[in-house]
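Model, not experiment: these values are computed from the prediction.
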Amino acid sequence: MSLTEQELVRRQHLDALREAGIDPYPAAEWETTHHAADALAAYSDEANDPEAEGTEPIQVRIAGRMQTKRVMGKAAFFHVADESGTIQVYARRDDLEDGWYNAVFKKLLDPGDWLGIEGTLFRTRMGEVSVHASRIVLLSKSLKPLPVEKTVTDEETGETRTFNEVTDPDFRYRQRYADLALHPEVRDVFKKRARMLRTIRDFLDSRDYVEVETPALQPLYGGAAARPFTTHHNALDMPLFLRIADELYLKRLLVGGFEGVYEIAKDFRNEGLSRFHNPEFTMLELYVAFRDYDWMMRLVESMLERIATDLHGTTDVTWGEHTLSFAAPFRRLPIFEAIADKTGHHLRGKTRDEVAEIARQLGLEVDGSMGLGKLIDEIFGEFVEPHLIQPTFITDYPVELSPLAKRHRTEEGLVERFELIAGGKELCNAFSELNDPLDQRQRFEDQVTLAKEGDDEATNTVDEDYLRALEYGMPPAAGLGVGIDRLAMVMTNQPSIRDVLLFPLLRPETGEQPDNGESPLAPYM
RNA sequence: GCCCCUAUAGCUCAGUUGGUUAGAGCAGCGGACUCUUAAUCCGCGUGUCCCAGGUUCGAGUCCUGGUGGGGGCACCA
């Protein structure tokens, strides 16, 4: 791939630096005393006013990426960005090592270079707290120019305007490193995501639930309805599946005597991509012995309340034009009531064919392969779910949809299950876990029948080992699954799952295509 | 898999009913400048107009096919 003029210029700078005896990629540690934000805070600390008579100037050593460079002959200003923010640096020829300013700083350093700066804090005539540099060290040379965005604050209105903002999603997702370097607010999203995960772990650990790890490579897949990725183990010469859920392994651990276990892990589902779906995604699963789905609703309320408060200081979370309230308790609504509210149709007790007719009346496409459960799910997904903006527990699903959930204690044909919907999307799925081994075997066999009838998401194998575990006796338990990515979307107000994944799945870039029949795929050049 | 939108300089974008040499700002290059902040001033345009065909005297512009990206549908307990 040919280099642009700007890339060539930077390579020339690199060569010139080496000729001048400056290592553009030095190994030695550059110990810092401050981040940019700390330095600014230190200066504005009124208890130690640095502008008061007789006060010693504050010495700082900082490190960061050079932003725009404004050279005015024998002095220059530039900003340096580190993880905390930016701070301006004032570099004067006569304050730096002899000849260095003209020969190195002006000619060979470029925006994007990583620099170490030593100096004292002062306030410029324009009022900006800055570092008056006594020493500037190149820490790492940048050979490829980052796009230049400039943000201006209008002094009268206080409004900020950004020029040349990089908005191309292709660029931002593919070159996430550049997106992050350019956009501190994108880094903030991922810091919030990390904090959310830490809150979840704190919350669960404080209840003495044990974080465990179960296989991602599985000889049989199960625990959800989804098509798996398949792979192959060479030494054992056997096919393996990437997990679509952790559920069946975690419940084996309840049999083994753990009373609370959870796992935060990637699941893999071989399905389409969308604003809400990535083929690999992060799932929290939690199983607690001797509890039921009612109890689990209260736990979820309490956990989400805490996540919202930790991230935002309040249970109110902005979601597009809405404000979601995660203050407990959340609304609870049986699925049949929810459907009746939105469509006027009471489906409880109706036969498969009656529901199919209603679905047709509502304008849904119905075909003969759709069972009662599937039809109800379709109606719910089309007419109810998108309208559930505030956090809402939808409860008591038809048994056909839930082969791993316990039958409802009083309602025939239903299971003790809930989903939490917020922002019009499913965030959690939970139930009182089915622990009757004989009922479980029957439901697995029903799934196998569905698979044979052509449902390519039904599991086509009975997991005999799981049934063996259940036969030893699994305590009654409540189980929960939380889509961490979707929760992160809601908690950080991001419209696409790609905005809460550092590296969402994209097609590989096609490289330069020499007309020689070689592979067109050259992802990273 | 289907439908719609979209692709022009490193970045953000303009480009007329098809018209001859494809432009602007920022970035970059050369020069001036010791408190600037989209620094300013003087000079310089750096391009596979996503790709491949086609229509035409002539295509960035129109047509067909393809590729990347976005949105929607389908799929997704």
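Regarding A:Arg269, its CZ atom lies at a distance of 16 Å from the P atom of B:C75, rounded to whole Å. For the pair A:Tyr221 OH and B:C76 P, the interatomic distance rounds to 13 Å; values are reported in whole Å. To the nearest angstrom, P of B:U12 lies 10 Å from CD of A:Glu165. Atom NE2 in A:His277 sits roughly 11 Å away from atom P in B:A74 (whole-Å rounding). For A:Asp168 and B:C5, the CG to C1' distance is 14 Å, given to the nearest whole Å. Between the P atom of B:C76 and the CG atom of A:Asp267 lies a distance of 17 Å, rounded to the nearest Å. A:Glu271 places its CD atom 16 Å from the P atom of B:G1, with the value rounded to the nearest Å. Atom CG of A:Leu364 is separated from atom P of B:C75 by 11 Å (rounded to the nearest Å).
Distance noted for atom P between B:G23 and B:G47: 14 Å (whole Å). Rounded to a whole angstrom, the distance from the C1' atom of B:A52 to that of B:C5 is 22 Å. As rounded to the nearest Å, B:C11 and B:C4 have C1' atoms that lie 28 Å from one another. Atom C1' of B:G1 sits at a distance of 35 Å from the matching atom of B:U12, rounded to the whole Å. A distance of about 33 Å separates the P atoms of B:G69 and B:G25, rounded to the whole Å. Comparing the P positions of B:U48 and B:U8 gives a spacing of 12 Å, expressed to the nearest Å. Rounded to the nearest Å, the gap between the P atom of B:U67 and that of B:U20 is 33 Å. Taking the P atoms as reference points, B:G31 lies 23 Å from B:U36, given to the whole Å.
Near RNA chain B, defined here as any heavy-atom distance below 4.0 Å, the residues from residues 421-435 of chain A are A:Asn429, listed numerically.
For A:Glu382, the side-chain hydrogen bond (donor to acceptor under 3.5 Å, both in side chains) criterion is met by no residue, not counting sequence neighbours. With sequence neighbours excluded, the residues forming a side chain to side chain contact (heavy atoms under 4.5 Å, CB included) with A:Leu505 are A:Leu273, A:Asn278, A:Pro279, listed by chain and number. Looking at residues two or more places apart in sequence or on another chain, you find a salt bridge (Lys or Arg N to Asp or Glu O under 4.0 Å) between A:Glu280 and A:Lys266. In this structure, the side chain to side chain contact (heavy atoms under 4.5 Å, CB included) partners of A:Ala39, at least two apart in sequence or on a different chain, are A:His34, A:Val60, A:Ile87, A:Leu121. Scanning for side chain to side chain contact (heavy atoms under 4.5 Å, CB included) contacts around A:Arg252 gives A:Leu248, A:Tyr249, A:Asp463, A:Asp465, A:Tyr466, A:Ala469, with sequence neighbours left out. Every residue two or more places apart in sequence or in another chain that forms a side chain to side chain contact (heavy atoms under 4.5 Å, CB included) with A:Ser142 is listed here: A:Arg10, A:Asp113. Residues meeting the salt bridge (Lys or Arg N to Asp or Glu O under 4.0 Å) test with A:Arg348, sequence neighbours left out: A:Glu411. Remark: A:Glu445 pairs with no residue by the salt bridge (Lys or Arg N to Asp or Glu O under 4.0 Å) rule, at least two apart or across chains.
Both A:Leu505 and A:Glu382 lie close to RNA chain B; mapped to their nearest nucleotides by heavy-atom distance, the more 5′-ward contact belongs to A:Leu505.
Nucleotide B:A7: paired with B:U67 (Watson-Crick or G-U wobble, both distances less than 3.5 Å). If you check B:A24 for Watson-Crick or wobble pairing at under 3.5 angstrom, you find it paired to B:U12. Across all strands shown, B:C29 is found opposite B:G43 as a Watson-Crick or G-U wobble partner, with both distances under 3.5 Å. With both pairing distances under 3.5 Å, B:C2 is matched to B:G72 as a Watson-Crick or G-U wobble pair. The partner of B:C62, taking Watson-Crick or G-U wobble pairs whose two distances both stay under 3.5 Å, is B:G54.
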Quiz: residues 126-134 of chain A side-chain donor-acceptor pairs under 3.5 angstrom, not counting sequence neighbours:
residue, atom, partner, partner atom, Å
A:Glu128, OE2, A:His79, NE2, 2.7
A:Ser130, OG, A:Gln88, NE2, 3.0
A:Ser130, OG, A:Glu128, O, 3.0
A:His132, NE2, A:Asp95, OD2, 2.6
A:Ser134, OG, A:Glu118, O, 3.2

Could you list the protein-to-nucleotides 70-73 of chain B atom pairs, N/O on both sides, closer than 3.5 Å?
residue, atom, partner, partner atom, Å
B:G70, OP1, A:Arg498, NE, 3.2
B:G71, OP2, A:Arg498, NH1, 2.9
B:G72, OP1, A:Arg275, NE, 2.9
B:G72, OP1, A:Arg275, NH2, 3.3

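Under the 3.5 Å distance criterion, with hydrogens and angles disregarded, a donor-acceptor pair is assigned to the side chains of A:Tyr293 and A:Asp396. A:Gln440 and A:Asp436 share no donor-acceptor pair across their side chains, judged by distance under 3.5 Å alone.
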Using a 4.0 Å heavy-atom cut-off, write out nucleotides 26-39 of chain B from 5' to 3' as B (base contacted by protein), S (sugar-phosphate only) or - (no contact). BBSS---BBBBBBB

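Ring-plane geometry between A:Phe268 and A:Phe229 is classed as perpendicular, the angle between the planes exceeding 60 degrees on a 0 to 90 degree scale with a lower cut at 30.
Cation-pi geometry between A:Lys350 and A:Phe336 is not met: the NZ or CZ atom fails to fall both under 6.0 Å from the ring centre and inside 45° of the normal.
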